[in-house]
S.K.: 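First the structure, then my questions, so here it is.
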Number of protein chains: 2
Amino acid sequence: MEEGSNPFFMQTHSEILQNKGIRPSVQRVRILKFLMHSKEHPTVEMIFNALLPEMPSLSRTTVYNTVELFKEVGLVQVLDFGRGVLRYDGDLSPHSHFECEKCGAVYDLDIKPQEISKKMPRGFKVHQTYFYVFGLCSQCKKNEKN
Amino acid sequence: MEEGSNPFFMQTHSEILQNKGIRPSVQRVRILKFLMHSKEHPTVEMIFNALLPEMPSLSRTTVYNTVELFKEVGLVQVLDFGRGVLRYDGDLSPHSHFECEKCGAVYDLDIKPQEISKKMPRGFKVHQTYFYVFGLCSQCKKNEKN
DNA sequence: TTTAATTTTGTAATGATTACAAATATAAAA
DNA sequence: TTTTATATTTGTAATCATTACAAAATTAAA
Ligand SMILES: [Mn+2]
Ligand SMILES: [Mn+2]
Ligand SMILES: [Zn+2]
Ligand SMILES: [Zn+2]
């Protein structure tokens, strides 16, 4: 991992939480760790299922609460691909997303949505920008042809 | 209305439906008319409430069905601003959207999301692109300062 | 007409998220 | 340490937009 690429370089997950003024409970640390290492942009259900084996008492509600808390302090990005389920991204760097309409996989795109938001009407204040692309991933595109 | 700006120029709403192979029932024509003239990117509930006075027997389910049908034949664009409610746009020209986080109003942006989707991974097929901007509209930004 | 197909309608089911309160864990005070 | 207050987790119930479904109404075909 490059030093410059990670704004939390050299901090433990627990420290990251403390620096945000959040008590680093076992559940929160595990959820943060999972989010920061996952590349699949998991849903609450995916986080829950992944952590359940190591934390049998984990509640879905805790995952919902935690992910909401992380959103508020800016530890995760919430993505809505219009499937009725939200996905969470621990990668806060400016980038965009592609969702395969066939297999549902989500890929990162090296496109900075911020830079796009030029032509805004006078007097508008931009807080967030999201760029979503939908289509077929290379694998599903291949299979399509058969 | 300029000739070039409307792909359905000179067609009645009924004809537009027929050309899509859809039977132009009273409900469908009214819903299409409403969608094509509205600039507010209405939700199903908004469409339903707007048409109820003139069609007291209208069912919410019909609006849901119709809007789904229109989506499938490409008569509307579905927008998801992550508020748990979908919004519908009869304007099919390439453009983006701004939602005010304070008052919930949706504004059109003169930004073509298609053109952004350059750097796609090899072999990916793009079907749809959406660009969403969130923030404060000029009115709400003013009020904010008081 | 009569019959068949389509569309609309109302109600029930679904499912992700949120609300809530009891149980548990942690920190602060004594 | 023990007691007490505060924060967090947990399980269950409520919410609410959307979807499923079947009966009623409308329209087209025979
Ligand atoms: Mn990402
Ligand atoms: Mn629009
Ligand atoms: Zn795929
Ligand atoms: Zn506003």
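In what follows, chains carry the letters A, B, and so on, assigned in the order in which the sequence lines appear, proteins first and then strands, with residues in each chain numbered from 1.
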S.K.: Just to be sure I understand the geometry, which residues of residues 48-55 of chain A put a non-hydrogen atom under 4.0 Å away from DNA chain C?
M.R.: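 Within this stretch, nothing sits under 4.0 Å of the strand.
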
S.K.: Could you state the CG-P distance from Asp80(A) to dT18(D), rounded to the nearest angstrom?
M.R.: 11 Å

S.K.: Roughly, in whole Å, what's the span from CZ in Arg60(A) to P in dT12(D)?
M.R.: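 Those two atoms, CZ and P, are 11 Å apart.
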
S.K.: Under 4.0 Å: is that the gap between some side-chain N or O of Arg83(B) and OP1 or OP2 of dA17(D)?
M.R.: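 False: Arg83(B) side-chain N/O out of range (4.0 Å or more) of dA17(D) OP1/OP2.
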
S.K.: Can you tell which of dT8(C), dA16(C), dT10(D) lies closest to the side chain of Leu58(A)?
M.R.: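 My answer, after comparing the listed nucleotides, is dT10(D).
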
S.K.: When the distance from CD of Gln18(A) to C1' of dA7(D) is rounded to whole Å, what number comes out?
M.R.: 15 Å

S.K.: Any side-chain N or O of Gln27(A) less than 4.0 Å from the OP1 or OP2 oxygen of dA25(C)?
M.R.: no

S.K.: For the pair made of CZ in Arg30(A) and C1' in dT9(D), what is the distance, rounded to whole Å?
M.R.: 15 Å

S.K.: Can Glu45(A) and Arg60(A) be counted as an ion pair, charged N to O under 4.0 angstrom?
M.R.: yes

S.K.: Does the protein touch nucleotides 20-30 of chain D at the base, only the backbone, or not at all? Give it as B, S and - per nucleotide, heavy atoms under 4.0 Å.
M.R.: B------SS--

S.K.: Ignoring hydrogens and geometry, is there a side-chain-to-backbone donor-acceptor pair from Thr62(A) to Leu58(A) under 3.5 Å?
M.R.: no

S.K.: Would you say His41(B)'s side chain and Lys39(B)'s backbone share a donor-acceptor pair under 3.5 angstrom?
M.R.: yes

S.K.: Ser57(A) side chain N/O closer than 4.0 Å to the phosphate oxygens (OP1, OP2) of dT10(D)?
M.R.: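 For dT10(D), OP1 or OP2 has a side-chain N or O of Ser57(A) closer than 4.0 Å.
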
S.K.: Output the rounded distance in Å from CD (Glu68(B)) to P (dT7(C)).
M.R.: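 So the CD-P distance, Glu68(B) to dT7(C), works out to 14 Å.
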
S.K.: Specify the separation, in whole Å, of atom CZ of Arg87(A) and atom P of dA16(C).
M.R.: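 It works out to 13 Å between those atoms.
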
S.K.: Has Glu54(B) got a side-chain atom pairing as donor or acceptor with Leu51(B)'s backbone, closer than 3.5 angstrom?
M.R.: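 Not at all, since once roles are kept as given, no pair shorter than 3.5 Å links the two residues.
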
S.K.: According to side-chain hydrogen bond (donor to acceptor under 3.5 Å, both in side chains), who are the partners of Asp91(A), at least two apart in sequence or on a separate chain?
M.R.: Ser93(A)

S.K.: Whether Thr43(A) contacts dA16(C) is assessed here as follows: a side-chain N or O lying under 4.0 Å from the phosphate OP1 or OP2. Is that the case?
M.R.: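 No.
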
S.K.: Identify which one of Leu69(A), Ile31(A), Leu17(A) satisfies the side-chain contact (heavy atoms from CB on, under 4.5 Å) criterion when paired with Leu75(A).
M.R.: Leu17(A)

S.K.: Whether Glu40(B) and Arg87(B) form a salt bridge (side-chain N of Lys/Arg under 4.0 Å from carboxylate O of Asp/Glu) is what I want to check.
M.R.: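 Not counted as a salt bridge, because no side-chain N and carboxylate O are separated by less than 4.0 Å.
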
S.K.: Run the salt-bridge test on Glu68(B) and Lys71(B) with the 4.0 Å N-O cut-off and return the result as yes or no.
M.R.: yes

S.K.: Quick one: is Arg28(A) getting a side-chain N or O under 4.0 Å of the dT8(D) phosphate, OP1 or OP2?
M.R.: yes

S.K.: Over how many whole Å does the gap from Lys71(A) atom NZ to dT17(C) atom P extend?
M.R.: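 About 11 Å, once rounded to whole Å.
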
S.K.: Return whichever of Tyr64(A) or Ser25(B) has its heavy-atom-nearest nucleotide of DNA chain C closer to the 5' end.
M.R.: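 The answer here is Ser25(B).
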
S.K.: Using ring centroids (six-membered ring only for Trp), state whether Phe98(B) and Phe124(A) fall under 6.0 Å.
M.R.: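 Yes, the ring of Phe124(A) comes within the 6.0 Å limit of the ring of Phe98(B), centre to centre.
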
S.K.: Is the ring centre of Tyr132(B) less than 6.0 Å from the ring centre of Phe131(A)?
M.R.: no

S.K.: Starting from C1' on dT8(D), measure out to CD1 on Ile22(A) and report it in whole angstrom.
M.R.: 12 Å

